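A quick write-up on the structure given underneath.
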Amino acid sequence: MADSIEAAAAPRRIRTSGDREVGAYLEIAEAREPGHVFHPAPNAPETVVVLDYGGQYAMLIARRVREAGVYSELVPWNTPPERLDHLRTKAFILSGGPASVYEPGAPTLPDYVIASGLPVLGICYGMQLLAHTLGGRVAPTATREYGHAVIRVADSSSPLLRGLPSTLPVWMSHGDHVVELPPGFHAIAQSDSSPVSVMGDAAGHLGIQFHPEVVHTPQGEQLLRNFLFEVSGCAGDWTAANFVEESIRTIRERVGTGRVICALSGGVDSAVAATLVHRAIGDQLTCIFVDNGLLRAEEPERVIATFSQHMAMNLLHVDATERFLATLAGVTNPEEKRLRIGTTFIRVFEAEARALGRVDFICQGTTYPDVIESASAEGSAAAKIKTHHNVGGLPPDMQFTLIEPLRHLFKDEVRRVGHELGLPDEMVYRQPFPGPGLAIRVIGEVTREKLDVLRAADWIVMDEIKRAALYYDLWQSFAVLTNTRTVGVQGDFRTYGHCIALRCVTAEDAMTADWARIPYDVLSRISTRVVNEVPDVNRVVYDITSKPPGTIEWE
Ligand code: XMP
């Protein structure tokens with residue numbers, strides 16, 4: 001197998017996008033210019049490039065590869081090779097996708113993939129595309145395979161299936177399948193509905209019809225590991241410690257003697273990004289913590305204690321509570337709240353940054369899902385959610401160069417890096433908290449009094465959830481102050497008090513979520529304490545809506 005990605009392919013019959021309809025085969029050597037020559041950056045980690053064909057699990061593939069200790073990037077299928085130049089690519093994975101290879105305009109396989117001579121794993125559409133491109137035949141299945149299926153191994157000597165049993169439960173989701181193998185390929189496994197569920201050739205081109213990346217394929221992780229280590233010869237050196245070491249080196253190189261600022265929110269992303277930059281350049285970094293008065297109880301104190309006292313960072317703490325409350329006065333529309341909070345944040349941050357004098361760089365805690373989402377879903381709701389955080393909204397005369405040290409990390413990797421950097425668990429494994437803070441958990445107008453009620457209730461929720469050892473199992477758990485007053489009876493008196501809603505969800509990411517089945521006795525303790533300890537609250541309700549159709553936050 002070729003060790004680098006320099007084009008090393010032996011002449012091979014290949015179908016190009018242009019000749020797809022007529023089914024002509026062309027010699028690859030005649031069909032293309034000589035292959036692209038890649039130039040990996042000196043310390044680039046070994047990389048598996050996942051080409052995204054629009055499958056709903058594409059991002060999951062990249063995550064699974066990373067979990068196995070190999071760096072992976074997810075890029076659109078039509079990414080030009082120059083964009084991958086800096087990577088030390090060891091293999092390609094082609095994701096699933098909704099298209100059919102024989103549809104006009106269906107996404108194709110870029111020439112550089114086969115020309116690289118590197119191993120290729122096609123998953124679902126990726127397998128069909130590989131078969132179609134290399135001269136096989138793909139056709140609709142008589143019965144579509146959706147959900148659980150069983151495959152039977154025909155060639156147990158394949159390194160892809162090393163250590164796996166002769167029949168495997170897998171997760172399928174396809175309407176097309178490979179009916180004729182490309183020259184040089186053989187069937188490695190089959191299912192009742194497909195004569196070829198796994199295929200491969202001697203050059204490390206492999207196709208699997210099912211999805212190894214989803215949990216419903218129990219041996220999927222082992223299969224991916226086999227592809228990475230047995231087929232592609234990866235070293236598995238993608239670790240938090242290596243990442244920290246390499247990032248510190250590159251940040252130092254980039255920043256030189258420049259000055260960097262970073263907005264700290266108390267959340268894990270900005271905390272880890274700032275810590276990494278601080279480790280690299282020490283006092284050249286100044287962090288700005290804007291307290292918007294919309295944080296939870298004791299949060300500002302914790303941020304200051306961690307960064308200023310414990311880590312000895314230059315930290316500017318700006319208490320802008322009054323300014324934020326003034327801008328929110330009378331506002332009830334959730335998007336208007338977000339907008340005003342975002343604009344005020346930028347104005348406060350800008351004033352602080354200007355007062356510092358010369359600043360060359362701004363560090364942000366952007367993570368990989370943000371990067372992928374903004375590349376593939378420009379303008380989607382998901383991309384919009386973060387707008388207020390985007391200090392790119394600063395005036396044009398304030399020109400900083402962006403440093404985004406976590407730009408290629410998934411959330412779990414950010415946490416591992418945070419842990420590696422010695423940040424407290426409480427910060428590293430903190431549940432997500434929205435930028436607009438408690439303002440979007442006070443339904444209707446935000447006032448200081450309402451914030452105090454919500455803060456007190458939220459504290460009790462957190463306390464009980466932590467006591468019950470549920471905190472780390474839940475994606476989020478919090479209180480919402482509804483704008484409903486309800487009748488109650490406390491002592492011998494009729495009350496007319498606030499109604500608090502409790503929201504606890506489980507999730508793998510925030511795109512979907514399920515309401516958490518919290519034990520009744522925990523719910524009961526929360527309810528009793530909230531109505532007894534928080535003045536003016538006489539009712540607690542539990543939100544049993546999943547996402548979709550609900551969202552996690554109420555506003
Ligand atoms: P929803 O409510 O849309 O939330 O299901 C998904 C995740 O995003 C968080 N969230 C926000 N985060 N600014 C943020 O930084 C926002 O305006 C915002 N709105 C929601 C929410 O807490 C959940 O984790």
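Reckoned from all heavy atoms, side chains included, excluding hydrogens, waters and symmetry mates. Whatever order the structure lists ligands and atoms in, that order sets their numbers, starting from 1. Since this is a predicted model, take the numbers as computed values, not measurements.
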For [atom], which candidate among [options] provides the closest heavy atom?
{"atom": "atom 20 (C) of ligand 1", "options": "Glu553, Glu555, Arg441", "answer": "Glu553"}
{"atom": "atom 24 (O) of ligand 1", "options": "Arg503, Lys547, Gln476", "answer": "Gln476"}
{"atom": "atom 19 (N) of ligand 1", "options": "Arg338, Lys337, Gln431", "answer": "Arg338"}

Under a 3.5 Å threshold, yes or no: a donor from one side chain and an acceptor from the other, between Arg66 and Ser72?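 No.
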Determine whether the side chains of Trp238 and Glu413 contain a donor N or O and an acceptor N or O closer than 3.5 Å.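 The criterion, which ignores hydrogens and geometry beyond distance, is satisfied for Glu413 and Trp238.
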Would you please determine whether Phe433 falls within less than 4.0 Å of ligand 1 on a heavy-atom basis?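 In this structure, Phe433 fails to qualify as a contact of ligand 1 - no heavy atom is under 4.0 Å.
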Does any non-hydrogen side-chain atom of Pro548 lie less than 4.5 Å from one of Thr512?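 Sidechains of Pro548 and Thr512: in contact.
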Check whether any side-chain heavy atom of Glu553 lies under 4.5 Å from a side-chain heavy atom of Phe478, and answer yes or no.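 Of all side-chain heavy-atom pairs linking Phe478 with Glu553, at least one is under 4.5 Å.
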Any N/O of Gly435 closer than 3.5 Å to an N/O of ligand 1?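 Right, the criterion is met.
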Regarding ligand 1, does Ala510 bring an N or O atom to under 3.5 Å of one of the ligand's N or O atoms?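 Such a contact does not occur with ligand 1.
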Once you measure the plane-to-plane angle for Tyr53 and Trp77, does it fall in the parallel (<30°), tilted (30-60°) or perpendicular (>60°) bin?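 Parallel: the ring planes of Tyr53 and Trp77 meet at under 30°.
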Tell me whether the rings of Tyr429 and His419 are parallel (<30°), tilted (30 to 60°) or perpendicular (>60°).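 Answer is tilted, since the angle falls between 30° and 60°.
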Distance filter under 4.0 Å to Trp475 heavy atoms, resulting ligand 1 atoms: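 Numbered from 1, ligand 1 contributes 24 (O).
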